Every structure is written in structure tokens, then in C-alpha cells.
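The structure under discussion appears below in the form of C-alpha cells.
Since we're looking at a predicted model, the values are computed, not measured.
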Amino acid sequence: MINALKGMKDLLDKDAYYYEKIIKTSEEVAKNYGFSFINIPHLELYSLFKRSVGESSDIVGKEMYEFIDKGQNHVCMRPEGTAGVVRAYIEKKLDKTNALKRWFYHGSMFRYERPQKGRLREFHQFGVESFGNPSVYEDASIILMLVEIFSRLDINFKLLINSLGCLTCMQKYREKLVHFLDTQEGFCPDCLRRKNLNPIRVLDCKQEHCQHLLSNAPLLNQNLCLSCQNDFEILQKLLKENNIDFKIDAKLVRGLDYYSKTAFEFISNEIGAKAAIAGGGRYDRLIEHLDGKKGFGVGFAMGIERIMSILEQKKQVQSRSGIYLCALDQIYISKLFTIATKLRKTHQVILNYEAKKLAKHLENADKNNTEIFLCMGEKEAQNQSLFYKNLIKKEEKSIQIADLEKIL
Ligand code: HAM
């Protein structure tokens with residue numbers, strides 16, 4: 001038997017219901033905030049991620065699904081969506097005019113991680129990217145968008161924010177940090193690698209021992225230039241004015257290299273260890289870094305599977321919907337086939353092509369989570385009617401076929 005690959009899952013039944021619910025809710029909210037749909041390829045040149053997500057990240061360092069294709073191109077299954085969306089923005093020459101664009105996307109991402117609860121090798125994200133807007137109001141706006149999505153899905157979270165500063169503050173901070181790191185001994189090999197590639201990523205190390213060594217490290221948000229400090233204060237003010245609880249996490253640098261200024265993460269305690277259910281921030285330098293014109297970008301992505309597992313724990317069940325149409329004798333099926341075709345212009349209809357006993361049909365209708373049960377037996381066929389049962393209200397009656405659309 002051929003099984004799905006480790007860390008990759010089929011999505012069906014209640015998982016598919018949760019998935020659709022999350023996407024539909026997120027899309028509705030994103031559209032209210034002025035975002036429209038963009039679809040980008042799953043496969044991109046490896047260099048796109050190497051240059052954006054960055055070599056100091058675990059993603060590029062250890063987790064890429066990369067290979068040489070038949071045309072000898074070094075390609076990679078996308079590990080995240082931002083780099084591809086930025087590539088599209090530049091490729092369509094939108095960077096030339098610093099065009100205002102707000103896009104949302106969703107779909108599979110691929111990271112060769114060690115699979116565990118809430119961590120897959122193929123997982124799904126819903127993400128948004130906003131271009132051309134330097135205002136910190138846009139950063140606040142996308143955070144509020146996530147808050148609204150989680151509120152509609154009835155999901156609790158903790159919001160962590162930080163500011164990584166602009167190039168000016170970051171360069172100065174880097175020097176201070178490297179100086180501090182040089183005075184400490186005993187960092188793990190990952191930290192030593194990152195110290196050379198992108199020292200601020202050392203702050204993100206999950207090892208307790210390294211975190212202990214970092215306890216007196218200089219902090220990013222205490223080394224901001226006046227303008228970044230001002231923006232960070234406005235962000236906090238906007239969140240407070242909109243009644244959003246948050247915590248400043250001075251060591252929050254995110255696992256990808258492209259961020260500057262605002263960085264944030266939404267954490268849930270409901271999937272075992274503290275897990276990020278969404279994360280994002282500003283990446284103004286990335287457009288230029290990928291050979292575009294100097295510009296502005298900010299966005300987030302949420303992990304659909306992590307949110308699905310919270311919804312599952314809350315046992316949010318799918319409400320009954322649609323019609324189950326069936327017959328007690330095979331001779332009525334073709335008539336029901338015509339009725340189903342008409343009803344399907346406006347209703348969801350499951351037609352069972354096999355005649356069965358009433359109890360068996362009712363059991364099937366229940367399994368299919370349908371709301372309305374319609375059945376034709378001998379008596380109904382004679383007087384052009386159907387047996388009707390509402391499986392929510394439990395009411396039963398006989399209805400004339402001619403009146404069907406009116407009643408339904
Ligand atoms: P990220 O933090 O790498 O950010 O991923 C966003 C979310 O994807 C995480 O918070 C988590 O919920 C989910 N996720 C990540 N890895 C896995 C995995 N292996 N299995 C299941 N879920 C996972 C980004 O990807 C950035 N592109 C976000 C962004 C958009 N920043 C600006 N714009």
C-alpha cells in the first residue's frame with residue numbers, strides 16, 4: 001500500500017469543514033480591509049527564498065524541499081508565501097510606482113521539519129501582504145484584521161509585539177549585540193552560525209542555556225532611532241485604543257530574516273506547548289533586496305492546521321444543511337433524478353441511486369449531516385408527493401412535488 005509522505009496529510013470530512021470555515025472567515029475579513037485574492041506558484045527558484053527568508057533561518061538552512069528540475073534550474077517548493085508575492089509585485093513592475101496593493105493568499109507551504117502535533121511538512125497558510133504603505137497604521141490594521149478573524153472563529157490568543165527598527169537602528173544595534181555575544185561563551189552551534197550570518201536571530205534561540213546567556217543582552221526596542229520609537233509607540237497606542245491586549249517581547253525577532261520595524265506573533269496555549277498560530281511584520285527592505293525599487297511591505301500568515309486543531313478541540317460542529325433525496329423502489333429513481341437536477345439550481349442535494357428501506361435511508365441522511373429528508377414510496381408516487389422530514393426540527397409531512405420549491 002502506498003501511504004502519504006510523513007508530515008503530509010489528506011484533508012477530508014470534518015478537517016475539510018474546518019479548513020473551509022477558516023478560509024471563508026479570513027477571506028471575508030480580509031476583503032473588508034480592502035485586500036483581494038492573489039495566487040502564486042508553489043514552485044519558485046531556490047535563490048528567491050535564499051535571498052529573502054535568509055540563510056540564517058532554519059527554513060533555508062535545514063528545511064527546504066529543493067531540487068534540480070529537468071531544465072537544470074535549482075528550484076524549491078515554497079516554504080512560505082511572502083517571498084513569492086514580493087517577487088510577483090516586482091515582476092509586474094508595481095514597485096516602480098510604489099503601487100498600493102493589498103493581497104491575500106492561501107495554500108500549501110512545504111518545510112522539511114520534524115513532524116509533531118501542529119507541525120507538518122506540508123501545511124497551509126492564509127496570509128496577507130500589503131505594499132506601498134509606510135504608515136504604522138497599516139501595521140496596526142493588519143493586526144486588528146487577525147484579531148477580527150480569531151474573534152469570528154472564537155479563538156483565544158496572546159499577542160506579542162516588538163520593533164526590530166530600521167536599517168539605521170539595526171546596524172548600530174548589531175554592533176552592540178555582536179560585542180555582547182563576543183563576551184559570552186557556550187552558545188549552541190546554531191547561535192554561532194547565526195552570529196555571523198544575522199546576529200539578531202541569536203535572540204530567537206529556543207535553547208534554555210542560550211536564553212540564559214542572553215539574559216543581559218542589549219534589547220532591540222531600547223535601541224531604536226527616534227522615528228522607529230515613535231512608530232512603535234503609535235502602534236501600541238492604536239492597539240490600546242482598540243482594546244487589544246498585547247505584550248512587548250523584546251526578544252521577538254521572528255524566524256525569517258526579512259523583517260524590520262514591526263514584528264508580531266499570535267500565540268495559543270490550546271495546542272500543547274505555546275504555539276504560534278500567526279505571525280508577521282514589516283519587511284520594507286525586502287523589495288529592494290530582491291532587486292525592486294525601494295518600497296514598503298507588511299503582512300502576516302496564519303497556520304491553518306494549528307487553528308483547525310483548536311476548532312476541533314472546541315468541537316465546533318458543522319450544522320446540518322442540504323437535502324437527501326431517496327426512494328423505496330428502484331422504479332422511482334429516474335423521476336427523482338429529474339427533481340434533483342431542478343432543485344440543484346438553488347439547493348444542495350444528495351440523491352441516493354439505490355432503493356432502500358426508510359430506516360436505512362434516514363440513517364444515511366443523518367450520516368451525511370443533511371437537514372431535509374425527502375423520500376418517494378408507492379403512496380407518494382401515486383399522488384405526486386414526497387415524504388418530508390426536517391431532521392433538525394424533527395417534523396414530518398407529505399408535500400406535493402409541485403409545491404417543493406415553494407416549501408423548501
Ligand atoms: P511563519 O511564522 O514562518 O511566517 O509562519 C506563519 C505561521 O505558519 C506560523 O505562525 C504557524 O502557525 C504556521 N506554521 C509554520 N510552520 C508550520 C509547520 N511546519 N506546520 C504547521 N504550521 C506551521 C511566515 O511564513 C511569514 N511569511 C509570515 C508573513 C507574511 N510575514 C509577513 N507577511
Side-chain angles (χ1 to χ4, degrees), residues 9-29 31-32 106 124 126 148-156 270 304-305 307-408:
K9 272 173 68 174
D10 302 307
L11 231 155
L12 61 148
D13 294 339
K14 70 176 174 356
D15 284 346
Y17 163 71
Y18 292 134
Y19 184 90
E20 282 190 296
K21 182 177 167 143
I22 295 164
I23 298 293
K24 191 164 167 266
T25 308
S26 310
E27 269 182 7
E28 276 169 11
V29 176
K31 284 180 184 168
N32 286 358
H106 48 83
H124 297 81
F126 179 93
E148 176 63 20
I149 292 171
F150 289 141
S151 136
R152 290 192 191 192
L153 292 170
D154 194 20
I155 284 185
N156 300 321
E270 293 175 61
I304 311 271
E305 279 79 1
I307 299 163
M308 277 164 57
S309 69
I310 300 176
L311 295 184
E312 190 166 355
Q313 282 172 44
K314 288 180 185 280
K315 299 254 177 299
Q316 284 196 8
V317 285
Q318 186 172 9
S319 54
R320 289 184 177 277
S321 65
I323 298 163
Y324 181 92
L325 191 57
C326 58
L328 301 183
D329 195 308
Q330 204 64 34
I331 53 173
Y332 309 131
I333 302 287
S334 70
K335 173 125 186 105
L336 294 188
F337 192 80
T338 310
I339 294 174
T341 307
K342 271 194 197 148
L343 286 177
R344 281 173 175 155
K345 291 190 191 297
T346 44
H347 294 84
Q348 300 165 25
V349 181
I350 296 174
L351 170 62
N352 192 330
Y353 306 131
E354 268 181 68
K356 290 188 193 310
K357 295 223 163 67
L358 186 67
K360 190 74 200 155
H361 275 316
L362 277 165
E363 196 185 310
N364 279 343
D366 187 51
K367 272 192 204 148
N368 280 286
N369 215 18
T370 39
E371 180 186 358
I372 307 288
F373 177 85
L374 294 173
C375 184
M376 185 175 269
E378 194 183 345
K379 192 174 85 199
E380 287 80 16
Q382 272 169 11
N383 56 27
Q384 293 294 306
S385 68
L386 286 165
F387 168 72
Y388 166 104
K389 180 166 182 175
N390 184 311
L391 298 176
I392 298 175
K393 297 178 190 154
K394 309 281 178 221
E395 67 185 31
E396 297 178 7
K397 59 187 171 190
S398 163
I399 57 174
Q400 287 302 117
I401 293 171
D403 295 338
L404 253 182
E405 281 176 70
K406 199 168 67 196
I407 293 171
L408 294 172

**Message:** Looking at E270, is its backbone amide N or carbonyl O close enough to the side chain of Q313 to form a donor-acceptor pair, meaning the two atoms are under 3.5 Å apart?
**Reply:** yes
**Asked** How about N390 and I372: do any of their side-chain heavy atoms sit closer than 4.5 Å?
**Response** yes
**Prompt:** Taking it one step at a time, do L391 and L362 satisfy side chain to side chain contact (heavy atoms under 4.5 Å, CB included)?
**Reply:** CA-CA 9 Å; L391 298 176; L362 277 165; 4.1 Å; yes
**Asked** Counting distance only, does the side-chain N/O of N368 pair as donor-acceptor with the main-chain N or O of T370 below 3.5 Å?
**Response** no
**Asked** How many angstroms lie between CD in E380 and CG in L386, if you round to the nearest 0.5 Å?
**Response** 7.0 Å
**Prompt:** So, do F150 and I307 sit near enough that their side-chain heavy atoms are less than 4.5 Å apart?
**Reply:** yes
**Prompt:** Does the side chain of N156 come within less than 4.5 Å of K314's, by heavy atoms?
**Reply:** yes
**Request:** Please answer whether the main-chain N or O of Y353 pairs with a side-chain N or O of Q330 as donor and acceptor at a distance below 3.5 Å.
**Result:** yes
**Prompt:** Are any side-chain N or O atoms of K335 and backbone N or O atoms of A381, one a donor and one an acceptor, separated by less than 3.5 Å?
**Reply:** no
**Neighbour count above 12 (heavy atom, 6.0 Å) for N32 CG** = yes
**Asked** Any side-chain heavy atom of L351 sitting closer than 4.5 Å to one from I339?
**Response** no
**Passing option when F387 is tested against H361, E396, K379 for side chain to side chain contact (heavy atoms under 4.5 Å, CB included)** = E396
**Message:** Are there over 12 heavy-atom neighbours, none belonging to K342, within less than 6.0 Å of that residue's NZ?
**Reply:** no
**Prompt:** Measuring from I407:CD1 to Y388:OH, what's the distance to the nearest 0.5 Å?
**Reply:** 8.0 Å
**Prompt:** Which pair of non-hydrogen atoms, one from N352 and one from I333, has the smallest distance, and what is that distance?
**Reply:** O-CD1, 3.6 Å
**Item:** Close side-chain approach of S321 to Q348, heavy-atom, < 4.5 Å
**Value:** yes
**Asked** Does a side-chain N-to-carboxylate-O contact under 4.0 Å join K9 and E305?
**Response** no
**Prompt:** At their closest point, which heavy atom of V349 faces which heavy atom of R344, and how far apart are they?
**Reply:** O-NH2, 3.0 Å
**Prompt:** What's the shortest heavy-atom distance between Y332 and E378, and which atoms?
**Reply:** OH-CA, 3.2 Å
**Message:** If you define the side chain from C-beta out and look only at heavy atoms, does anything of M308 sit under 4.5 Å from I22?
**Reply:** yes
**Message:** Taking the side chain as everything from C-beta on, heavy atoms only, tell me whether T346 gets closer than 4.5 Å to L408.
**Reply:** no
**Asked** Sub-3.5 Å donor-acceptor pair from the side chain of Q400 to the main-chain atoms of N383, do we have one?
**Response** yes
**Prompt:** Does K24 pair with E27 as a salt bridge, N-O distance under 4.0 Å?
**Reply:** no
**Prompt:** Any idea which heavy atoms bring L358 and F373 closest together, and the distance?
**Reply:** CD1-CE2, 3.7 Å
**Asked** Looking at SG of C326 and CG of N364, how far apart are the two atoms once the value is rounded to the nearest 0.5 Å?
**Response** 8.5 Å
**Asked** If you look only at pairs with a residue in residues 318-328, which of them pass as a salt bridge (Lys or Arg N to Asp or Glu O under 4.0 Å), with sequence neighbours excluded?
**Response** R320-D366
**Residue pair H124 / I23, side-chain heavy-atom distance below 4.5 Å** = no
**Message:** Looking at I149, is its backbone amide N or carbonyl O close enough to the side chain of T25 to form a donor-acceptor pair, meaning the two atoms are under 3.5 Å apart?
**Reply:** no
**Message:** Quick test of your reading: applying side chain to side chain donor-acceptor pair (under 3.5 Å), list the pairs with at least one residue in residues 11-23, sequence neighbours left out, ordered by first then second residue.
**Reply:** K14-E312, K21-Q316
**Asked** What pair of heavy atoms forms the shortest contact from G377 to L328, and how long is it?
**Response** CA-CD1, 3.9 Å
